[in-house]
Number of protein chains: 2
Amino acid sequence: MGDAASADDASARPVATTAGARAWQAVLEHVESRLLSGDLAPGDRLPGERALSAELGVGRSSVREALRVLEVLGLIRTQAGSGPSAGAIIIATPSGGMSALMRLQVAAHGFPVADIVRTRLILETAVAGELAEAVPAPDLAAADRLLDAMDSPDLVPSEFLALDATFHLALAEASGNQVIAATMAGLRSGIEGYALAGLATIADWGATSARLRHEHRGIVEAIRAADAASARTRIHGHISGYYAETFVVPTAAPPTPTPSPTPSPAR
Amino acid sequence: MGDAASADDASARPVATTAGARAWQAVLEHVESRLLSGDLAPGDRLPGERALSAELGVGRSSVREALRVLEVLGLIRTQAGSGPSAGAIIIATPSGGMSALMRLQVAAHGFPVADIVRTRLILETAVAGELAEAVPAPDLAAADRLLDAMDSPDLVPSEFLALDATFHLALAEASGNQVIAATMAGLRSGIEGYALAGLATIADWGATSARLRHEHRGIVEAIRAADAASARTRIHGHISGYYAETFVVPTAAPPTPTPSPTPSPAR
DNA sequence: CGCGCCAGTGTGGTCTGACCACACTACCAC
DNA sequence: GTGGTAGTGTGGTCAGACCACACTGGCGCG
C-alpha cells in the first residue's frame, strides 16, 4: 500500500455534497464542503440529525455514523436536549481526535512507542528553540504556574506526571502553533500508559522528581534568556533522560543540533 | 472527549471494557482493551457486528458507530460479503486517519495553514538531518524512482505536485519513523487544496518545476553525502521557497540549525 | 469423473420506526 | 409575580427489516 498517490485514502475527494460509495461518507463530505465554503464555521449548529437525513436522502443511522466520526475527530460536540447549546455544534478541538488516533494506533501496534518518543523529541526541541528565538517574548505564564504546582511536596507520581505532561503541552501552546500543540497532546496521550508503567522502574522518586523539576526550570530559564542552543539541548536531554531512565527507548537522534539560525525573517 | 473548555489533560480514561456514558464508547473501549491485551492484533478479524452487539449488550447501530470511528482512524478495514477477507479486519494505517483529521480541522479553521507548513518545515528538516546521519545508509530507492518520474516532461502541474508530495512522504518513510510518516501524510493532505490553488499564482511553471526538481536532487545528494547540515538547509529552503512563491505563508522558523551531531562535534 | 453453474449462507450497509432521557420553553394556577 | 408543570424538540439507543455482496457447497451436465 505504500505506493504512490492515492492508494487507500478513506475519503475520496469528489467534494460533491452527494456522491460517496457509502452513505455516511456523503454526509462527511457534505459537512466538509460546507465548512470549506464558509457556510459553516466554529460555533455554528449543524442541522438536526433528522433534518440532515432528509436533506441528504440518507438514513438517520448513516448521519449518526458521520457525526460520530466528526465528534471523535474533535470537530463537533453533541448535546441532547433543547436550547442554544443543544445539538451538534462545530468546535475545533483537534487534540481530542489526535489523542484518540494516537492511543488507538499505539494499541494496535501501528505506532511504535519509540517513534512517538523520537517525534516528541524533534517537535519539542524545535518548539523550545523557536520560543527562545521568538521576537515578542512568548507568554510562559501558564508554564510558570505549572512549575510552581509541581513544587508541591505532596504530589503522588501520577499527579506529577500529569502536571509534567501539561507543562510540555503548555510550551507547545506558547509557540502558537496549533498543529504542534495538538500533535503533542496526541503523542503524550499515546504513550501515557507507558509513562505511568515506567514509573515503577524508578528507584528514587524523590531524586528523579527533583531532577525533573530542576530541568524544567532550566528549560524555561534558557527560553527566557533567549538562549536557543541551551533550550534545545536542555529539553532534549530532559525528555530522552526520562525515557532512558524508565524503560529502554532508543532515542537514536543526537542530543540536538546547535541553533545558529540565520538572523531571520520576521513573522 | 468534550474537553473543549476545561483543562483538557486527563480525560476519557475509563479504560474498562464496559463503562462509558455512551454505548458506542463502550465498544471503542472494548476494542482498545482487547488490542492492548494482545487479544487482537493486526490481521485479526473483529467479531461480526451482530455478535459484538450481543456480546456487549448494545444495539448494532452503536457498534456500527464505533466501527465507523475505527475505520476512519485507520484501524480497521471493512468488507462486506463472506470469506477470509470479509468483515472488519484490524489494520494499522494511521495515515488515513491522520489525513481525515487534518483535512477536516483545516476546513473547520482548527488548524491554520501556516501552522501546518511550519510543522512540515520542522519535521522535514529533522527527517533530512536524520537520514543524512543514519549509520546504515537509508534506502532512498523509492525517492529516486519518484525523482525520475518527475523528470517526465509531459506532467501537468497537479501530477507533478502529487509526485512531489509522495517524494517528501518517501523521505519520511525512509527515516523509519512511522509517526512522522503518518503525520506528514496528514499535513500534506490538510494543505493539498491550498497547494493546488497556489499553482495558479505561479507565472513560469516550467522554471519553477525545474527548480523544484533541482532542489530535490540536491536534497537527496546531501543525504547520500551524509552532509546533514546541507540536507537540513536545502530541504528547509525548498519547502519555504515553494510556499513563499505561491502564497503568503509566514515561514517564521529560521532556515535551519546546523547539525553538529553528538558524536562528531566537528566545526 | 470433472467441471461449471446456482442456490444457500453470512457478512457489512442501509433504512425505518420506535422509544427514552434530557433541556429548554411556554403556559397556567396560585 | 412566582412557581410548577405540560409541551416540544433534540440527541441516544434499540429493534427489525431489507439489500448487495462474496464466498461455499452441492447439484447437474458433459
Side-chain angles (χ1 to χ4, degrees), chain A residues 8 10-12 17-31 40 43-91, chain B residues 1-2 4-5 12 14 18-31 40 43-91 96:
Chain A
D8 43 48
S11 51
T17 302
T18 56
R22 311 195 201 343
W24 59 271
Q25 284 187 347
V27 180
L28 228 41
E29 286 161 16
H30 172 76
V31 173
L40 281 177
D44 290 352
R45 280 237 314 279
L46 249 62
E49 298 179 356
R50 293 164 180 83
L52 220 38
S53 159
E55 183 182 340
L56 298 179
V58 301
R60 185 153 88 105
S61 5
S62 297
V63 170
R64 284 183 60 72
E65 288 179 20
L67 293 185
R68 210 54 38 206
V69 169
L70 292 175
E71 182 174 343
V72 170
L73 257 36
L75 249 97
I76 65 174
R77 170 180 64 78
T78 61
Q79 176 67 49
S82 130
S85 70
I89 291 158
I90 308 265
I91 55 177
Chain B
M1 308 271 177
T18 57
R22 310 193 204 342
W24 59 272
Q25 283 186 346
V27 180
L28 227 44
E29 286 160 17
H30 172 77
V31 173
L40 283 178
D44 290 351
R45 278 235 311 281
L46 248 60
E49 297 179 356
R50 293 163 180 85
L52 220 39
S53 160
E55 183 182 340
L56 297 179
V58 301
R60 187 153 87 107
S61 358
S62 297
V63 169
R64 282 184 61 74
E65 288 180 20
L67 292 186
R68 209 56 35 205
V69 169
L70 292 176
E71 182 173 344
V72 170
L73 256 37
L75 247 97
I76 64 174
R77 170 180 64 76
T78 61
Q79 176 66 49
S82 117
S85 70
I89 291 159
I90 309 267
I91 55 177

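Convention: sequence-line order gives letters A, B, ...; per-chain numbering from 1. Atoms considered below: every heavy atom in the structure, side chains included; atoms not considered: hydrogens, waters and symmetry mates.
Counting non-hydrogen atoms under 4.0 angstrom, B/Arg77 reaches nothing in the nucleic acid.
Minimum atom distance to the side chain of A/Thr78 is reached by D/dG11, of the listed D/dG11, C/dG13, C/dT14.
Taking CD of B/Glu65 as the start and OG of A/Ser61 as the end, the distance is 8.5 Å to the nearest 0.5 Å. One finds the CG atom of A/Leu67 at 8.0 Å from the OG1 atom of A/Thr78 (value rounded to the nearest 0.5 Å). Of the inter-residue distances, the one linking A/Leu70 atom CG with A/Leu28 atom CG reads 5.0 Å to the nearest 0.5 angstrom.
Checking the phosphate oxygens (OP1, OP2) of C/dG13, a side-chain nitrogen or oxygen of B/Arg64 falls inside 4.0 Å. Residue B/Arg68 places at least one side-chain N or O closer than 4.0 Å to OP1 or OP2 of C/dG13. Between A/Ser62 and C/dC15, a side-chain N or O to OP1/OP2 separation shorter than 4.0 Å is present.
Per the geometry, CG belonging to B/Leu28 stands 17 Å off C1' belonging to D/dT13, to the nearest Å. A straight line from CG of B/Leu56 to P of D/dA15 spans 13 Å, rounded to a whole angstrom. Computed from coordinates, the A/Ile89 CD1 to D/dT10 C1' distance equals 11 Å when rounded to whole Å. Here the C1' atom of nucleotide D/dC23 and the CZ atom of B/Arg45 are 11 Å apart, to the nearest Å. Protein atom CD1 of B/Ile76 is 9 Å distant from nucleotide atom P of C/dG12, rounded to whole Å. Atom-to-atom, CG of B/Leu70 to P of C/dG13 comes out at 13 Å; the value is rounded to the nearest Å. The separation between B/Leu67 atom CG and C/dT14 atom C1' is 15 Å, rounded to whole Å. Remark: P of D/dG12 and CD of B/Gln25 are 10 Å apart, rounded to the nearest angstrom.
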Quick test: give all pairs of protein nitrogen or oxygen and nucleotides 16-23 of chain C nitrogen or oxygen below 3.5 Å, distance rounded to 0.1 Å.
residue	atom	partner	partner atom	Å
C/dA18	N6	A/Arg60	NH2	3.1

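Salt-bridge formation is not detected for the pair B/Glu71/B/Arg77: no Lys NZ or Arg NE/NH1/NH2 atom is positioned less than 4.0 Å from an Asp or Glu carboxylate oxygen.
A rotation axis mapping the C1' atoms of four pairs onto the next four is fitted at both ends of the helix from C/dC1-D/dG30 to C/dC30-D/dG1 over five pairs, and the angle between these axes is 30° to 10 degrees.
Using a distance-only test at 3.5 Å, with no hydrogens or angles considered, a donor-acceptor pair links the side chain of B/Arg45 to the main chain of B/Ala86. Between the side chain of A/Ser53 and the backbone N or O of A/Val58 there is at least one donor-acceptor pair closer than 3.5 Å.
Scanning both residues, A/Ile89 and A/Pro84, for their nearest heavy atoms gives CD1-O, 4.0 Å.
The salt bridge (Lys or Arg N to Asp or Glu O under 4.0 Å) analysis of residues 50-63 of chain A, with sequence neighbours excluded, yields the pairs A/Glu49-A/Arg60.
The side-chain heavy atoms of B/Leu40 and B/Leu46, taken from C-beta on, include a pair separated by under 4.5 Å.
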